[in-house]
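First the structure, in the form of structure tokens, and then the observations on it.
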Amino acid sequence: MTNITLFPSVSKGTIDKAVYGHFSEHIGGVFYGGLWVGEDSPIRNYRGWRADAVDALKKVSPAVLRWPGGCFSETYNWRDGIGPRDKRPRRVNWWYYQDHRVETNQVGTNEFVHLCRLIGAEPYFAANITSTTPMDIRDWIEYCNFPAGTTTLADMRAENGDVEPFNVQYWGIGNENWGGGGNMTPEMYAREMLRYHTVCWPVGLSRDGKNGVKAIGCGANSDDMDWTDRMMREYNNRVPLYALSFHYYCGSAGDCVNFNEEEWYRLLSQASYMQKIMDHHRGVMDRYDPQRKITLACDEWGCWHPDGSGPSKGYNLFEQQSTMRDALVASLTLDIFNNSCDIIKMANVAQICNNLHCLILAGTGENEMIVTPTYHVFDMYQKHQDAEHISSVVECGKKQVEGRGDLPLVSVSASKKDGKTLITVSNLNYSAEERVKICSGGDLLKGSAKVTQLYAIPQAHNTFDKPDAVKPNGFTYDINGKIDLYLPPASVTAFEIG
Ligand code: AHR
């Protein structure tokens with residue numbers, strides 16, 4: 001049996017909605033053959049964006065959408081993606097060596113911002129600091145954010161159809177500069193970042209975004225604390241940074257779909273390592289930033305299974321199926337973010353469509369669009385966005401995972417907003433139901449709860465033929481001072497009270 005105690009008067013603060021962010025890169029089928037179909041497509045679309053996918057994404061309130069990479073961003077010149085689409089250059093992109101697909105630049109800055117507006121997400125741009133100049137990035141910010149009539153670049157945006165400034169708030173200075181972004185040392189990166197930041201200063205870079213732009217520095221791969229330590233030392237707080245961003249892919253364990261019980265627990269244990277990574281980061285950053293002016297972002301996270309399990313059978317690079325196991329990785333990770341909302345202010349699951357840990361799988365036909373089990377988790381968790389965190393203590397069984405230690409078998413987070421409480425509980429047991437009792441101080445647990453539950457066998461997933469094989473069920477639960485019920489194995493349950 002699991003006992004969960006909620007402490008409504010003990011909170012780590014507000015859960016930044018940007019933690020419910022997503023990542024979209026020009027890679028494989030994320031855009032071309034995925035979200036972007038073009039305005040002349042027979043597939044129903046809004047300004048070239050696949051309408052069924054847009055409608056689905058809008059429903060889960062994606063807070064942020066990161067673009068254009070990833071590794072792609074470090075050889076991307078934003079000027080290729082503006083102006084008449086039939087005049088845009090075709091280029092070899094960063095991923096060409098793997099999939100031999102040429103970048104057509106049909107999706108560029110204006111189109112991408114239209115997508116963000118359609119689904120209600122804030123755009124987050126990753127700037128190329130490896131193969132374009134600081135002045136190019138400054139021009140990009142000016143193109144996006146300055147009012148029409150003020151500068152030539154702002155007028156160019158207006159001529160390209162968007163008179164209103166895009167107000168792109170989040171700007172990443174580079175991507176994975178320890179690897180695909182130039183193979184830099186932490187010291188080299190810090191110097192480059194300072195150079196770009198200084199040149200972009202006049203167009204609004206600041207720590208808090210009050211001048212319009214939040215600058216985000218490139219942090220470590222996973223828990224490479226040597227990078228974080230050396231980069232922070234060299235950077236030495238010389239310019240304001242809003243966040244330091246790290247990437248953590250929990251990888252895979254066995255096959256994407258046909259995994260066994262041992263592999264189920266191993267992947268969940270790998271996912272749970274996110275907590276340690278964040279704590280390690282904050283510990284190192286505290287040496288250089290004791291007042292915690294720089295926050296933490298995880299701008300790429302998710303499972304990374306072997307290629308070929310998605311509907312395109314390997315044509316779309318990195319496309320993978322998404323089972324209940326991926327859904328549980330998502331709920332566990334979002335619980336970790338919610339419960340660490342004092343230190344993490346943004347996170348972006350990788351990637352939104354036809355790729356790693358995605359929410360949408362889309363083919364090239366009108367009826368070929370499905371949502372994944374992970375999509376449903378984001379839907380069930382969306383009311384945690386900008387809500388006040390509620391602390392919880394969980395007493396539950398643990399599973400020993402060989403070589404990795406104990407994995408707690410129940411994961412929880414809770415929050416309140418506008419008089420409503422949301423409690424999300426995942427049962428990580430592969431095949432056993434779990435009796436869960438939830439108690440709380442105060443008068444949180446009263447009346448009835450609207451319960452949404454995602455439950456299916458661990459390997460279950462949706463396909464174009466069976467789009468609803470995994471979807472949540474709903475029921476009402478009468479509370480009477482406490483919640484006491486059996487949660488099915490491999491399930492995610494959301495209780496909405498009030
Ligand atoms: O998400 C795929 C790739 O993973 C990204 O381009 C890169 O940043 C990371 O290594």
Side-chain angles (χ1 to χ4, degrees), residues 21-35 62 64-76 91-99 101 103 107 112 124-131 170-184 189 192-193 216-224 227 231 243-252 256 270-271 274 277 297-310 312 314-322 326 329-330 333 346-361 372 374:
H22 301 263
F23 173 38
S24 60
E25 176 168 13
H26 286 239
I27 180 176
V30 176
F31 290 114
Y32 310 121
L35 296 178
V64 172
L65 190 56
R66 180 171 179 253
W67 179 81
C71 292
F72 175 87
S73 60
E74 290 287 8
T75 57
Y76 179 64
R91 302 254 188 232
V92 166
N93 72 47
W94 206 90
W95 295 106
Y96 185 80
Y97 75 102
Q98 270 181 272
D99 68 3
R101 282 162 78 165
E103 172 57 47
V107 172
F112 180 75
Y124 168 20
F125 284 5
N128 175 352
I129 70 160
T130 308
S131 55
Y170 298 112
W171 288 83
I173 309 183
N175 174 75
E176 296 194 347
N177 302 92
W178 36 262
N183 268 303
M184 301 182 194
Y189 172 71
E192 283 302 295
M193 187 270 281
I216 298 173
C218 169
N221 183 23
S222 185
D223 62 353
D224 175 6
W227 172 278
M231 183 269 164
L244 188 67
S245 166
F246 67 96
H247 290 176
Y248 178 55
Y249 288 98
C250 63
S252 190
C256 174
Q270 287 162 201
M274 180 65 88
I277 296 177
C298 176
D299 61 24
E300 289 182 31
W301 69 268
C303 301
W304 195 320
H305 300 299
D307 278 6
S309 60
S312 78
Y315 174 66
N316 289 333
L317 190 62
F318 299 160
E319 182 185 83
Q320 57 187 39
Q321 249 304 350
S322 187
D326 301 281
V329 166
T333 306
M346 187 207 272
N348 310 88
V349 62
Q351 299 197 13
I352 198 160
C353 176
N354 291 351
N355 202 264
L356 308 171
H357 212 149
C358 56
L359 275 72
I360 301 279
L361 285 165
T372 64
T374 295

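All ligand and atom numbering here is 1-based and tracks the order in the structure. Positions are given from 1 along the sequence. As the structure is a computational prediction, the values presented were derived from the model and not from experiment.
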Taking the minimum heavy-atom distance to atom 10 (O) of ligand 1, which of Glu176, Glu74, Glu25 ranks first?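 Nearest option to atom 10 (O) of ligand 1, by heavy atoms: Glu176.
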What is the closest protein heavy atom to atom 2 (C) of ligand 1, and at what distance does it sit? Gln351 NE2, 3.6 Å
Is [X] in polar range of ligand 1, meaning some N or O pair under 3.5 Å apart?
X: Gly70; result: no
X: Trp304; result: no
X: Asn175; result: yes
X: Glu300; result: yes

Just to be sure I read this right, does ligand 1 sit under 4.0 Å from the backbone of Trp95, its side chain, both, or neither, counting only heavy atoms?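 The answer is the side chain of Trp95.
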Just let me know how Tyr249 lines up against ligand 1, side chain, backbone, both or neither, with a heavy-atom cut-off below 4.0 Å.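 Within the 4.0 Å criterion, Tyr249 contacts ligand 1 through side-chain atoms alone.
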Close approach of Trp94 to ligand 1, heavy atoms, under 4.0 angstrom: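 So Trp94 does not count as touching ligand 1.
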Mark up the atoms of ligand 1 that fall under 4.0 Å of a heavy atom belonging to Phe23, in ascending order. 1 (O)
Of all the atoms in ligand 1, which lie at a distance below 4.0 Å from a heavy atom belonging to Cys71?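 Close to Cys71: 5 (C), 6 (O), 7 (C), 8 (O).
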Give the minimum heavy-atom separation between Gln270 and Cys250, together with the two atoms involved.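 Shortest heavy-atom contact: NE2-O, 2.7 Å.
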Would you check if [X] and [Y] make a side-chain contact, meaning some heavy-atom pair closer than 4.5 Å?
X: Thr130; Y: Thr75; result: no
X: Trp178; Y: Cys218; result: yes
X: Asn177; Y: Met193; result: no

Would you call the rings of Tyr32 and His26 parallel, tilted or perpendicular, taking 30° and 60° as the class edges? perpendicular
Among side-chain atoms of Asn348 and Tyr124, is any donor-acceptor pair under 3.5 angstrom?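 Their side chains do not contain a donor-acceptor pair, so the 3.5 Å distance test is not met.
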Is the distance between the ring centroids of Tyr249 and Trp301 under 6.0 Å? no
Strictly under 6.0 Å, is that where the ring centroids of Trp94 and Phe72 end up? no
